[in-house]
S.K.: 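Below are the structure tokens for one structure; questions will follow.
For the numbers below, each heavy atom of this structure counts, side chains included, while hydrogens, waters and symmetry mates do not.
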There are 2 protein chains.
Amino acid sequence: MAPKIVNRQEKRRSILMAAMKVFAEKGFTKARMADIAETAGVGKGTIYEYFASREELFKETFLFFFEDFKKKSDYIIREVHSPAEQLSMYIKELSQTLRETHKDFLPVIMDFWAEGVRNRNKMASIHKLMKEAYTDFRHTLSGIISNGIANGEFEEIDPSLSASAIMAAVDGLFLQWVIDPQIFDLCMAVEEVADFFLKGILKRDRI
Amino acid sequence: MAPKIVNRQEKRRSILMAAMKVFAEKGFTKARMADIAETAGVGKGTIYEYFASREELFKETFLFFFEDFKKKSDYIIREVHSPAEQLSMYIKELSQTLRETHKDFLPVIMDFWAEGVRNRNKMASIHKLMKEAYTDFRHTLSGIISNGIANGEFEEIDPSLSASAIMAAVDGLFLQWVIDPQIFDLCMAVEEVADFFLKGILKRDRI
DNA sequence: TTAATATGACCGACCAGTCGGTCATATTAG
DNA sequence: CTAATATGACCGACTGGTCGGTCATATTAA
């Protein structure tokens, strides 16, 4: 019955995609291996031929999202050269990704956070992944800011803390938007806040 | 004919406290009724004499935290009269509450968020509570800001969006701090960001 | 006063259902 | 044929919530 699937990588991928779809619909906690198997069109046992556990599927999903955004942001950094522009593009991309791509994955994103915070239990690895992801974000952003300071575009602010502040604003607005999408449009809100921030750190007068 | 002289309110409260303790240790999802019963020193069935379900226990816990903060913030609003001062005190109180009181309740707070977002399922009530809480925060903050604008302390900014931004910054920094407490001290970070924000909205020159 | 009785708080064994993961078997490929 | 792979029935661990029975104590009758 099982046909001529040959490429293991490909099959692994298709199972992962099915898992992501189910996660998206139900969230990690409520996603059942049986659902994933059915969605992938394979037997439940087959999943375990490709993934050690439900947790591994979850981790891979997290990495998928992270690396997806990373690719886009790397592109921005590479193609745009003014730190101020980089910053504003980066932030915009982040909010758009959250709003559009991730819209359907809300429950999963929340589960990432919820699990990422619990660093005591056996899901510690998710905490580690998330910590690394945030460190990476912070590093990228503070790099941009440092450049801006160096070339005189920005005031002499604390790059790391500023990076944290930007990420915080995006995450926090996202959270409010998720709870009640009526109050504002995520991208607009993020943009306004980013503008305010930029205005605050841009050197007014370069004599 | 009440046989035993049991203060029902008091007992209810003690069970709730036990639940909060267990939630704090394990998070809502992993907290078992059996654990709560043992911690409270009562039989499992007894819990159901006071609370309809595990979910109700969870909701009450949320309300407990929310109302606790609300009390403190009301006091600030009442006692301090300059909007700029109110704002800065309010933010400080919020971050302190998060850092100190809520430190041990991290897994629960994350569960509030995670559950609050899932507004489709039967826990819809948590979503509603959370939405109300956020609306309340936003309302308080934008009220302060409106006052500040009216009396000329602040620039003519959008009170609601500014309120959202402040909340976002606090929530977002909290999140990062939770994931990695090393990178900064929550209260310091919040204070710096708040100062930056205040500097940006304070009217520099009045005539 | 005290014994009989009524009340409802309390309990934990139990139920019914769930789900992640395993493994004996089936299918296919070579 | 043998090895590799796929499968889903099955297992065992776990859990939220229930229910019939118990018993401490308030009430009452004598």
S.K.: To the nearest Å, how far apart are B:Ile47 CD1 and D:dT18 P?
M.R.: 13 Å
S.K.: Rounded to the nearest angstrom, tell me the gap between atom CG in B:Asp35 and atom P in D:dT15.
M.R.: 8 Å
S.K.: Other residues, nucleotides and ligands only: do more than 12 of their heavy atoms fall within 6.0 Å of NZ on B:Lys72?
M.R.: yes
S.K.: Taking a pair as Watson-Crick or G-U wobble with both distances under 3.5 Å, which nucleotide is matched to D:dA24?
M.R.: C:dT7
S.K.: Taking side chain to side chain donor-acceptor pair (under 3.5 Å) as the definition, give me every residue that meets it alongside A:Ser53, ordered by chain and number, with sequence neighbours left out.
M.R.: none
S.K.: Give none if C:dG17 has no partner; otherwise give the nucleotide forming a Watson-Crick or G-U wobble pair with it, both distances under 3.5 Å.
M.R.: D:dC14
S.K.: Starting at CZ of A:Phe51 and ending at P of C:dT22, how long is that distance when rounded to a whole Å?
M.R.: 16 Å
S.K.: Classify the nucleic acid contact of B:Ala31 as base, sugar-phosphate or nothing, counting any heavy atom under 4.0 Å across all strands shown.
M.R.: sugar-phosphate
S.K.: Counting any heavy atom closer than 4.0 Å, what does A:Ala52 reach on the DNA or RNA strands: base, sugar-phosphate only, or nothing?
M.R.: nothing
S.K.: Does B:Ser162 have any side chain to side chain donor-acceptor pair (under 3.5 Å) partners at least two apart in sequence or in another chain, and if so, which?
M.R.: none
S.K.: Starting at atom CD of B:Glu56, determine the distance to atom C1' of D:dG16, rounded to an integer number of angstrom.
M.R.: 15 Å
S.K.: What is the separation between atom CD on B:Glu55 and atom C1' on D:dT15, rounded to the nearest whole Å?
M.R.: 13 Å
S.K.: Are A:Val193 and A:Val190 packed together at the side-chain level, in the sense that at least one heavy-atom pair is separated by less than 4.5 angstrom?
M.R.: no
S.K.: Tell me whether the OP1 or OP2 atom of D:dA6 has a side-chain N or O from A:Tyr50 closer than 4.0 Å.
M.R.: yes
S.K.: With no hydrogens and no angle check, is any side-chain donor or acceptor of A:Arg138 less than 3.5 Å from a backbone partner on A:Ala133?
M.R.: no
S.K.: Which letter, B, S or -, goes with each nucleotide of nucleotides 8-14 of chain D from 5' to 3', with contact meaning a protein heavy atom under 4.0 Å?
M.R.: B------
S.K.: Take atom OH of B:Tyr48 and atom P of C:dC15, then tell me their distance rounded to the nearest Å.
M.R.: 17 Å
S.K.: Expressed as a whole number of angstroms, how long is the span from B:Met33:CE to C:dA13:P?
M.R.: 17 Å
S.K.: Is it true that the NZ or CZ of B:Arg54 lies under 6.0 Å from the centre of B:Tyr48's six-membered ring and within 45 degrees of the ring axis?
M.R.: no
S.K.: From the options D:dG16, C:dG21, D:dA6, select the nucleotide whose nearest atom is closest to the side chain of B:Arg54.
M.R.: D:dG16
S.K.: Check the side chains of B:Ser82 and B:Glu153 for a donor-acceptor pair under 3.5 angstrom, ignoring hydrogens and angles.
M.R.: yes
S.K.: Could you tell me how far apart A:Glu49 (CD) and D:dT7 (P) are, to the nearest whole angstrom?
M.R.: 9 Å
